[in-house]
Protein chains: 2
Amino acid sequence: MTPAAPAAAGRALPHPARDEIRLEGVLHALSDPMRLRIVRELAADRGELSCSDFDLPVTKSTTTHHFRVLRESGVIRQTYRGTAKMNGLRDDDLDDLFPGLLDSLLAAAARQAARLGR
Amino acid sequence: MTPAAPAAAGRALPHPARDEIRLEGVLHALSDPMRLRIVRELAADRGELSCSDFDLPVTKSTTTHHFRVLRESGVIRQTYRGTAKMNGLRDDDLDDLFPGLLDSLLAAAARQAARLGR
DNA sequence: TCCATTGTACGAGGACCTTCGTAGTTTGAC
DNA sequence: GTCAAACTACGAAGGTCCTCGTACAATGGA
């Protein structure tokens with residue numbers, strides 16, 4: 001009880017509309033090593049992963065923070081499924097706004113990971 | 001007189017070697033609107049521009065700061081020519097490290113500039 | 001109902017970033 | 001030698017960012 005406000009199906013999460021996604025915001029989101037790593041795993045696993053599927057060297061609080069930055073910049077989409085929160089790349093929106101950019105970024109990240117020792 | 005250290009032809013500026021350029025650093029450098037603008041003009045004018053060729057809405061101090069961030073991240077190359085400091089994209093190094101990335105980024109920036117009112 | 005799982009909110013610490021003003025350095029021209 | 005032009009160095013103010021710890025909320029199952 002005490003739905004307080006929206007309720008409906010589960011909890012709602014604020015996502016920017018496609019038109020509101022800014023290149024600068026996307027670049028800033030991906031300029032952090034932890035977030036770039038998250039996005040790479042998300043692209044590799046090609047589908048939805050829960051936050052706890054990631055084994056990041058930071059606390060849960062920090063993990064939540066990074067996922068929120070990625071969501072608010074328009075890089076990922078988050079939805080609740082039970083107690084879990086599923087994450088997926090917004091590749092459809094990004095490809096529409098900036099064709100080829102996401103692929104170039106992922107390729108660049110993969111190349112750098114291969115060049116350095118993973 | 002009193003060359004103190006290197007001297008040689010004019011003043012030397014510290015640039016990262018190609019192998020030292022990091023994707024995260026490049027993305028961070030380009031995530032600032034002022035710097036993205038500088039890089040776009042540099043790519044459009046296809047050649048070397050002096051710092052004073054830009055008409056940025058910030059002071060000279062701030063302009064110097066942004067050019068340094070771009071240089072230290074490996075995005076541009078800076079050389080002195082008389083009292084002027086010439087700036088050029090390091091597209092050769094960037095294309096070698098991350099093939100196609102710079103073009104994708106410039107295309108994305110152009111697309112966003114066209115979508116919004118310039 | 002009780003509980004374990006999953007993730008959030010809030011605040012704090014410390015680092016970094018953007019911007020500015022002022023004073024100084026280097027260069028080329030007169 | 002003197003001077004203007006172009007840029008730098010330094011320090012400061014104000015903001016943002018990343019990280020954490022602790023306490024809390026929502027869900028699904030025993």
Side-chain angles (χ1 to χ4, degrees), chain A residues 1-15 22 24-38 48-73 75-87, chain B residues 1-15 22 24-38 48-73 75-87:
Chain A
M1 310 348 169
T2 62
R11 291 159 277 178
L13 287 164
H15 287 76
R22 292 289 172 274
E24 294 89 335
V26 171
L27 297 184
H28 171 248
L30 297 182
S31 70
D32 181 274
M34 209 66 65
R35 292 193 291 260
L36 187 56
R37 171 172 165 175
I38 290 173
E48 301 213 309
L49 291 173
S50 77
C51 293
S52 57
D53 285 334
F54 294 83
D55 190 29
L56 303 174
V58 290
T59 64
K60 265 195 305 178
S61 285
T62 305
T63 301
T64 297
H65 163 71
H66 285 310
F67 276 103
R68 180 169 45 205
V69 172
L70 286 171
R71 186 188 72 238
E72 292 180 345
S73 66
V75 176
I76 68 171
R77 198 169 350 242
Q78 293 189 297
T79 51
Y80 280 107
R81 187 137 67 217
T83 67
K85 195 174 183 177
M86 308 308 292
N87 303 277
Chain B
M1 305 10 180
T2 61
R11 291 159 277 177
L13 287 164
H15 287 76
R22 291 289 172 275
E24 294 88 335
V26 172
L27 297 185
H28 172 247
L30 297 181
S31 70
D32 181 275
M34 209 66 65
R35 292 194 291 260
L36 187 55
R37 171 171 165 175
I38 291 173
E48 300 215 311
L49 292 173
S50 78
C51 292
S52 57
D53 285 334
F54 293 83
D55 190 29
L56 303 174
V58 290
T59 65
K60 265 195 303 180
S61 284
T62 305
T63 301
T64 296
H65 162 72
H66 284 309
F67 276 104
R68 180 169 45 204
V69 172
L70 286 171
R71 186 188 73 238
E72 293 180 343
S73 67
V75 176
I76 67 171
R77 201 174 342 247
Q78 293 189 296
T79 51
Y80 280 106
R81 186 135 69 217
T83 67
K85 194 177 186 176
M86 308 309 290
N87 304 277

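Separating the CD1 atom of Ile76(B) from the P atom of dC7(D) is a distance of 12 Å, rounded to the nearest angstrom. Taking atom CG of residue Asp32(B) and atom C1' of nucleotide dT16(D), one finds them 13 Å apart after rounding to whole Å. When rounded to the nearest whole Å, the span between CZ of Arg71(A) and C1' of dG7(C) equals 12 Å. Taking atom CD on Gln78(A) and atom P on dA26(D), their separation rounds to 17 Å, with Å as the unit. Between Glu72(B) atom CD and dA9(D) atom P there is a gap of 10 Å when expressed in whole angstrom units. Atom-to-atom, CE of Met86(B) to P of dT27(C) comes out at 16 Å; the value is rounded to the nearest Å. In this structure, His28(B) places its NE2 atom 12 Å from P of dC16(C), rounding to the nearest Å. What separates CG of Leu30(A) from P of dC18(D) is a distance of 12 Å, to the nearest Å.
Asn87(B) contributes no side-chain N or O that, together with a main-chain N or O of Gln78(B), makes up a donor-acceptor pair within less than 3.5 Å.
In terms of the side chain to side chain contact (heavy atoms under 4.5 Å, CB included) criterion, residue partners of Glu48(B) (sequence neighbours excluded) are, by chain and number, Thr79(B), Arg81(B), Met86(B). For the side chain to side chain donor-acceptor pair (under 3.5 Å) test, no residue two or more places apart in sequence or in another chain qualifies with Ser61(A). The salt bridge (Lys or Arg N to Asp or Glu O under 4.0 Å) search around Arg22(A) returns none, not counting sequence neighbours. Residues passing the side chain to side chain contact (heavy atoms under 4.5 Å, CB included) test with Glu72(B), sequence neighbours excluded: Arg68(B). By the side chain to side chain contact (heavy atoms under 4.5 Å, CB included) test, His66(B) is found to be paired with Asp32(B), Met34(B), Arg35(B), Ile38(B), Thr62(B), residues two or more places apart in sequence or in another chain being considered.
Sequence order on DNA chain D of the closest nucleotides to Val69(A) and His65(B) puts His65(B) first from the 5' end.
Scanning residues 54-64 of chain A for heavy-atom distances under 4.0 Å to DNA chain C yields Lys60(A), Ser61(A), Thr64(A).
Closest heavy-atom contact between Gly25(B) and Ser73(B): O-CB, 3.7 Å. Closest of all the heavy-atom pairs between Val58(A) and Thr63(A) is CG2-OG1, 3.6 Å. When all heavy atoms of Pro14(B) and Arg71(B) are compared, the pair lying nearest together is O-NE, 3.1 Å.
Here the side chain of Arg35(B) is nearest to one of dT19(C), dA6(D), dT18(C), namely dT18(C). Nearest nucleotide to the side chain of Ser52(B), out of dT19(D), dC7(D), dC17(D): dC7(D). Each of dA26(D), dA5(D), dT18(C) was ranked by its minimum atom distance to the side chain of Thr83(B); first place goes to dA5(D). Listed candidates were dG7(C), dC7(D), dA9(D). Nearest to the side chain of Arg68(B) is dA9(D). Distances were taken from every side-chain heavy atom of Tyr80(A) (C-beta onward) to each of dT18(C), dG7(C), dC7(D); the shortest belongs to dG7(C).
Base pairing in DNA chain C yields stems of at least 3 consecutive Watson-Crick or G-U pairs, both distances under 3.5 Å, namely C:1-30 with D:1-30.
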